[in-house]
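Please read these numbers as outputs of a predicted model, since none were measured by experiment. Throughout, protein chains are lettered first and strands after them, A, B, ... in sequence-line order, and every chain is numbered starting at 1.
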There are 2 protein chains.
Amino acid sequence: MREPHHPSCDELELSAVLHALSDPARLEIVRWLAKGDECTCGMFDLGLSKPTLSHHFRVLREAGVVRTRPDGRKRMLSLRDEELEGRFPGLLVAVLSADRERDGAPAA
Amino acid sequence: MREPHHPSCDELELSAVLHALSDPARLEIVRWLAKGDECTCGMFDLGLSKPTLSHHFRVLREAGVVRTRPDGRKRMLSLRDEELEGRFPGLLVAVLSADRERDGAPAA
DNA sequence: CCTCCGCTTCGACATCCATCGAACGGTCGC
DNA sequence: GCGACCGTTCGATGGATGTCGAAGCGGAGG
């Protein structure tokens with residue numbers, strides 16, 4: 001299983017990162033990853049099919065938001081938080097902290 | 001000229017804001033507005049037609065990123081930076097500061 | 001070796017989105 | 001009022017995007 005392409009820090013584009021984060025499903029994935037767990041692709045239950053998840057992983061990966069590490073027949077996903085922080089300081093933190101007061105959620 | 005709808009702080013959705021900021025043209029507009037000038041719609045020269053600009057203004061406005069104030073036959077645009085900061089602390093700052101090291105620009 | 005398993009790729013499809021030209025609406029100056 | 005001006009709205013269009021089922025691919029296990 002070959003290592004897929006990951007953009008270097010210099011190649012990261014702000015628009016691409018913002019676009020990657022602008023989808024609720026991908027935001028959920030990032031939120032999940034931010035909890036620190038290293039995740040396999042299959043453990044996400046967002047009500048989406050496997051191809052769709054794979055698509056979102058690719059968008060996130062190509063934007064430089066996540067890293068994919070092949071591990072046997074699984075793939076471990078992790079946030080590229082440090083690299084993101086280096087390239088776009090404060091961005092990921094802001095997105096994740098803003099995310100805590102979930103968009104439409106403060107119904108309680 | 002009636003005042004168009006502006007979402008309140010509570011109504012702001014993270015995905016919508018990120019989506020609004022994920023377009024290069026809109027990012028350019030926001031960058032421009034961040035310089036502090038209050039701008040009329042017509043002063044943006046991004047090589048886009050008027051309808052397209054108007055479209056981007058609307059996306060930014062409906063996401064809660066900018067405010068539109070009718071002024072005679074012009075419309076003054078301004079960043080809702082304080083409200084954005086209140087709702088999504090650090091987000092706009094991060095986007096704008098990241099933006100200084102322009103995406104593909106560090107060719108020099 | 002054969003099969004199962006995890007994930008990706010392919011092909012298709014519906015939808016969204018950025019873009020434009022043309023037409024419209026409100027405001028100012030004359 | 002009339003025309004010029006600024007910006008929006010309408011309708012159309014091409015391209016991107018999210019979504020899925022089916023098929024493919026590489027590794028693990030019996």
Could you tell me whether the phosphate oxygens of [N], OP1 or OP2, come under 4.0 Å of any side-chain nitrogen or oxygen in [X]?
X: B:Arg73; N: C:dG25; answer: no
X: A:Thr52; N: D:dC20; answer: yes
X: A:His56; N: D:dT19; answer: yes
X: A:Arg75; N: D:dG26; answer: no
X: A:Ser49; N: D:dT19; answer: no

Find the distance [X]:[atom1] to [N]:[atom2] and express it as a whole number of Å.
X: A:Leu53; N: C:dC7; atom1: CG; atom2: P; value: 10 Å
X: B:Asp23; N: C:dC17; atom1: CG; atom2: C1'; value: 9 Å
X: B:Lys50; N: C:dT19; atom1: NZ; atom2: P; value: 17 Å
X: A:His5; N: C:dT9; atom1: NE2; atom2: C1'; value: 18 Å
X: B:Arg69; N: D:dT8; atom1: CZ; atom2: P; value: 14 Å
X: A:Arg58; N: D:dC20; atom1: CZ; atom2: P; value: 16 Å
X: A:Leu60; N: D:dT17; atom1: CG; atom2: C1'; value: 14 Å
X: A:His19; N: C:dA18; atom1: NE2; atom2: P; value: 10 Å

Quick check for you: to the nearest 0.5 Å, what is the distance between [X] atom [atom1] and [Y] atom [atom2]?
X: A:Asp45; Y: A:Glu28; atom1: CG; atom2: CD; result: 10.5 Å
X: A:Asp23; Y: B:Leu18; atom1: CG; atom2: CG; result: 10.5 Å
X: B:Leu91; Y: B:Leu12; atom1: CG; atom2: CG; result: 10.5 Å
X: B:Glu13; Y: B:Arg87; atom1: CD; atom2: CZ; result: 9.0 Å

Among [options], find the nucleotide with the atom closest to the side chain of [X].
X: A:Lys74; options: C:dT9, C:dG6, D:dG18; value: C:dG6
X: A:Pro51; options: D:dA22, C:dC20, C:dC17; value: D:dA22
X: A:His55; options: D:dT19, C:dC7, C:dA18; value: D:dT19
X: A:Leu48; options: D:dT8, C:dA18, D:dC20; value: D:dC20

- Task: Identify whether any heavy atom of B:Arg26 sits under 4.0 Å from a base atom; if not, whether one sits that close to sugar-phosphate; answer base, sugar-phosphate or nothing.
- Result: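 Here B:Arg26 touches the backbone only, sparing every base.
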
- Item | B:Arg61 (side chain) donor-acceptor with B:His6 (main chain) under 3.5 angstrom |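 Judged by distance alone, no pair lies under 3.5 Å.
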
